[in-house]
Undergrad: 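The structure under discussion is supplied below as structure tokens; questions concerning it will follow.
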Amino acid sequence: MPVIDIKKDLSALIAQQMRATPDAIALEDETTTLTYSELDQRVAVLATRLRDHGVGRDNLVGVLLGRSANYVIACLAALRAGGAFLVLELAYPPNLLADVIDDSKPIVVITNSTQANQINADVPLIILDELTMGSYKPTKSPKELSPLPAEDDLERLAFVSYSSGSTGKPKGILNPHRAPVLSYDLRFRLSDLSPGDRVACNVFFIWVWIFSSFSFLV
């Protein structure tokens with residue numbers, strides 16, 4: 001039997017956990033510790049900005065950040081805005097980064113001021129370390145925004161990553177919500193994790209996010 005609701009998308013499952021354990025530690029890096037409630041607030045603010053940029057179903061949000069709490073926040077905000085996040089590696093050479101952005105055509109890219117100069121493309125940028133993390137007043141009316149996808153729309157994109165290109169031109173790998181949701185359900189049925197445990201990750205956080213009161217370390 002499933003241990004999570006496999007009929008809901010990733011964003012809905014994470015929001016469900018945020019409501020269930022608002023005071024539990026959700027996310028940590030070297031400088032930041034956030035409860036689920038605090039994480040929820042930061043994701044909501046950034047998701048509103050992304051919606052203002054026109055992010056909606058199957059639209060890509062590039063994420064060019066080091067492994068950090070902000071990396072996770074950016075990915076979750078892309079999902080909450082109804083879109084998908086595009087993995088942009090800091091190690092990409094300039095030509096490869098330009099090719100990936102040109103091929104994938106993200107609506108907007110989230111980055112920091114130290115990485116922004118790596119992007120040589122005509123794409124809007126959200127510079128996280130230049131933003132205040134308080135509330136954000138939308139610039140568009142609700143009627144101007146794309147409708148949010150349904151929570152059971154598991155065939156829409158969750159994230160896109162690119163192959164290394166070792167066999168030719170790098171190719172975008174499209175990952176719908178259904179794939180990681182089913183993967184998580186299997187992992188949770190096989191794991192012996194319990195509340196208070198921590199999971200460390202240095203790859204895509206999407207594969208090891210824990211929908212329970214566990215800390216996530218980046």
Undergrad: Measuring from atom CG of Leu50 to atom CG of Asn59, what distance do you get when rounded to the nearest 0.5 angstrom?
TA: 10.5 Å
Undergrad: So which heavy atom on Val63 is nearest to which on Cys75, and how close?
TA: CG2-SG, 4.3 Å
Undergrad: So, for Arg80 and Leu148, which heavy atoms are closest and what is the spacing to 0.1 Å?
TA: O-CD2, 3.6 Å
Undergrad: I need the full list of salt bridge (Lys or Arg N to Asp or Glu O under 4.0 Å) pairs touching residues 1-19, with sequence neighbours left out, sorted by first then second residue.
TA: Asp9-Arg156
Undergrad: To check you understand the geometry: which heavy-atom pair defines the closest contact between Pro176 and Leu154, and what is its length?
TA: CB-O, 3.7 Å
Undergrad: Taking all non-hydrogen atoms of both residues into account, name the closest pair between Ser113 and Glu130 and its distance.
TA: CB-OE2, 3.8 Å
Undergrad: Can you tell me how far apart CG (Asp99) and CG (Asn95) are? Round to the nearest 0.5 Å.
TA: 6.5 Å
Undergrad: Roughly how far apart are Leu76 CG and Leu27 CG, rounded to 0.5 Å?
TA: 8.0 Å
Undergrad: Just wondering, more than 12 heavy atoms not from Asn117 lying within 6.0 Å of its CG?
TA: yes
Undergrad: Please name all residues satisfying side chain to side chain contact (heavy atoms under 4.5 Å, CB included) with Asn112, sequence neighbours left out, ordered by chain then number.
TA: Leu65, Thr114, Gln115, Leu128, Asp129
Undergrad: With ILVMFWY side chains joined below 4.5 Å, transitively, what does Leu60's cluster contain besides itself?
TA: Leu64, Leu86, Leu88, Leu90, Tyr92, Leu96, Leu97, Val100, Ile101, Val109, Ile119, Val123, Leu125, Ile127, Leu157, Val160, Tyr162, Leu174
Undergrad: To the nearest 0.5 angstrom, please state how far the NZ atom of Lys169 sits from the OG atom of Ser163.
TA: 10.5 Å
Undergrad: Pair Ile73, Leu46 - check side chain to side chain contact (heavy atoms under 4.5 Å, CB included), show working.
TA: CA-CA 8 Å; Ile73 291 167; Leu46 186 54; 4.2 Å; yes
Undergrad: Do Gln16 and Ile4 come within less than 4.5 Å of each other through their side chains, counting heavy atoms only?
TA: no
Undergrad: Would you mind reporting whether Ile110 and Asn70 have side-chain heavy atoms less than 4.5 Å apart?
TA: no
Undergrad: State the CG-OH distance between Asp29 and Tyr71, to the nearest 0.5 angstrom.
TA: 14.0 Å
Undergrad: I'd like to know whether CG of Asn120 has more than 12 heavy-atom contacts from other residues, nucleotides or ligands below 6.0 angstrom.
TA: no
Undergrad: Look at the side-chain heavy atoms of Ile, Leu, Val, Met, Phe, Trp and Tyr, link any pair under 4.5 Å apart, and say whether Leu39 and Leu131 land in one connected group.
TA: yes
Undergrad: Please examine the side chains of Asn175 and Ser161, heavy atoms only from C-beta on, and report whether any two atoms are closer than 4.5 Å.
TA: yes
Undergrad: Using the rule that Ile, Leu, Val, Met, Phe, Trp and Tyr join whenever any side-chain heavy atoms are under 4.5 Å apart, tell me whether Ile173 and Val61 fall into a single cluster.
TA: no
Undergrad: Mind checking the NE2-CG spacing from His177 to Asp152? Nearest 0.5 Å is all I need.
TA: 11.5 Å
Undergrad: For the hydrophobic clusters of this structure (ILVMFWY residues joined by side-chain heavy atoms under 4.5 Å, transitively), does one cluster hold both Leu79 and Leu145?
TA: no
Undergrad: Quick one: do the Thr32 and Glu28 side chains pair a donor with an acceptor below 3.5 Å?
TA: no
Undergrad: Under 4.5 Å between side-chain heavy atoms, hopping through other hydrophobics if needed: is there a path connecting Ile14 to Val3?
TA: yes
Undergrad: If you take all heavy atoms of Gly56 and Ser146, which pair is closest and at what distance?
TA: CA-CB, 4.4 Å
Undergrad: Indicate the atoms forming the closest heavy-atom contact of Glu38 with Thr35, along with that distance.
TA: OE1-N, 2.9 Å
